[in-house]
Structures are given as structure tokens and as C-alpha cells.
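Every value quoted in this text rests on a predicted model; they were computed, and no experiment measured them.
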Amino acid sequence: MRKVLFLSLATLTLASCGSKKKIAELEQKNKECQDLLNSTTMKLNLCLTEKEALSQQNEYLKKNNSDLINSSKELTMLTTKGAENLQRSLESLKEKDLKINRLQDALTKKDSVTLALVTSLKKNVGLDDQDVNISVEKGVVFINISDKMLFKSGSYVVTDKAKSVLDKVAKVINDKPDFECMVEGHTDNVPFTGNAILLDNWDLSVKRATAIVRVLTKDLGVNPKQIIAAGRSEFIPLVDNNTAENRATNRRTRIVILPKIDQFYDMIEKEMKNLSK
């Protein structure tokens, strides 16, 4: 009986020891599973976070790509418009270059006419006489003739010496029927005392101008339609009227030669208006 009881106790003890070992192994496996679960959960959460970030980045890239596509389209449109504008600008520049060339041609032709006139005048009138001066100012030709050659003091009767000079001027004018000629009388600032005909320097300057005009038209055959008479009195002096010599310089008759090149001026004015548009 004792033997049987001993064997039973021994069997129970062995069985109990086996269960504890089994439980310990299961607990260890459970712990390992729990650790694995925790690690996996952490990795899962990390993956989810990365997924969210990647998703947001993907949305940003999509939007950025869409913006780039739109920008590319706009850039293409702008480039096309830019090319069109550039072409229009080039065409405009070509047109303006043409206008400028035409304008330069007109000015060159005008200068050529003026140069030819000066050459003709200097050839015919000559350069030896210091009382005759030919000049060009702003495209206009001027012949200044001292009054001591043209008139006696206080007189408006043209001298015989002056007629020889005026004859040379008349030949140039007669050779150029498209020219106009303005005769200007100028005095010094010494007041004219006046007489039954002349009241002051205005009268004297005008009478001297008309006297020259009469010689040119009646004696030398210049077309009256080409001639203008003008009196400037003392108000456009060449030098100060402070000495006798200077006053003699200011007493003069100026003949202004005006080529009739209205067509050139009209074209120049027209082209200038077109250029300003």
C-alpha cells in the first residue's frame, strides 16, 4: 500500500514539474509574441505616418506638376505673343528706317539745292568785295550788301555801283524761277530826322528795300512774283551800335534767297508726323 502511495506521489510530483516547465515556455513564447506585436505595431504606425507624408507629398507634386503644365502653356502663349510682338516691332523698325531714309533723302536734296545756289551765287557775285557777304544759315542763303555800296547817306536811291552787284544777283534769280527772294532793309540805331517822305528808320529801311526791288524787277528783269520787300529798321543789328564802324556794319540790305522746295518741306513734315505716331 505504501509503495503504491509513494509511486502516486512521485507521479504527481513529476507531472507538476512538467506543467510548470510547459507554462514557463508558454509564457516566454507569449512574451516574445507580445514584443513582436509591439514592434510590429510601432513599424505599422511608422509606415502609416510615412504613408501620410508620402501621400501629402504626392498631392503637392501633382499640384506642382499641374502648375508647371499650366505655366508651360502660359509660357508657350507668351513666347508666341512675344514672337509676334517682336515681328511687329521689326516691321515697325523697318518702316521707320524707310521713313528716316526718305527724310534724309529729302534733307540731302534740300542741302544739295542750297549748296548749288551758294556755289552759283559766289561764282557770279564773287568774293573779292568785302562789302558783299554770302552765307548759309539753317538752310537759307543770305546775301548781305553794305549800304555804303547801295545808297548814299540818308538816301534810298540805288547807286550805279550797286546795280552791277544786283545784276549778278538777278542773273542767279532769273536762272532759278523756283526761287523766291526777300529783300530786307536794315538801319543803325541813329534816329532818322525825317523829311517830307520819310518819318523814321522804319520808313528808311522799307524805302531802301523797295528801291532794290524796283531795280531787280524793272531794270534787271526779275519776275515780281519772286520778290518780297521788307523793312527791319534798327532792330536786328549784326553788332552793337556803339561805334561808327559798327553802325556802318548794321546799315545793310540783306537779300534772302528762298528756294521753292515746298514739296521737300511738306514731305519732311509728313514723315516727322508719321515718325511721332
Suppose we screen for side-chain hydrogen bond (donor to acceptor under 3.5 Å, both in side chains). Which residues come up paired with [X], at least two apart in sequence or across chains?
| X | result |
| --- | --- |
| Asn241 | Asn250 |
| Glu245 | none |
| Ser205 | none |

Point to revise | ring-ring contact (aromatic ring centres under 6.0 Å, His included) contacts in which one or both residues fall within residues 204-235, not counting sequence neighbours | key: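 ring-ring contact (aromatic ring centres under 6.0 Å, His included) check on residues 204-235 returns Trp202-Phe235.
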Just to verify, what does [X] make a salt bridge (Lys or Arg N to Asp or Glu O under 4.0 Å) with, not counting sequence neighbours?
| X | value |
| --- | --- |
| Arg252 | none |
| Asp219 | none |
| Asp188 | Arg251 |
| Arg247 | none |

Return the set of residues passing side-chain contact (heavy atoms from CB on, under 4.5 Å) with [X] (not counting sequence neighbours), or none when no residue passes.
| X | result |
| --- | --- |
| Asp240 | Asn242 |
| Thr49 | none |
| Ala170 | Asn174, Leu216, Leu220, Val222 |
| Val256 | Val140, Phe142, Met182, Glu184, Arg254, Leu258 |

Point to revise | Electrostatic pair Lys171-Asp167, nearest N-O below 4.0 angstrom | key: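 Yes, this pair counts.
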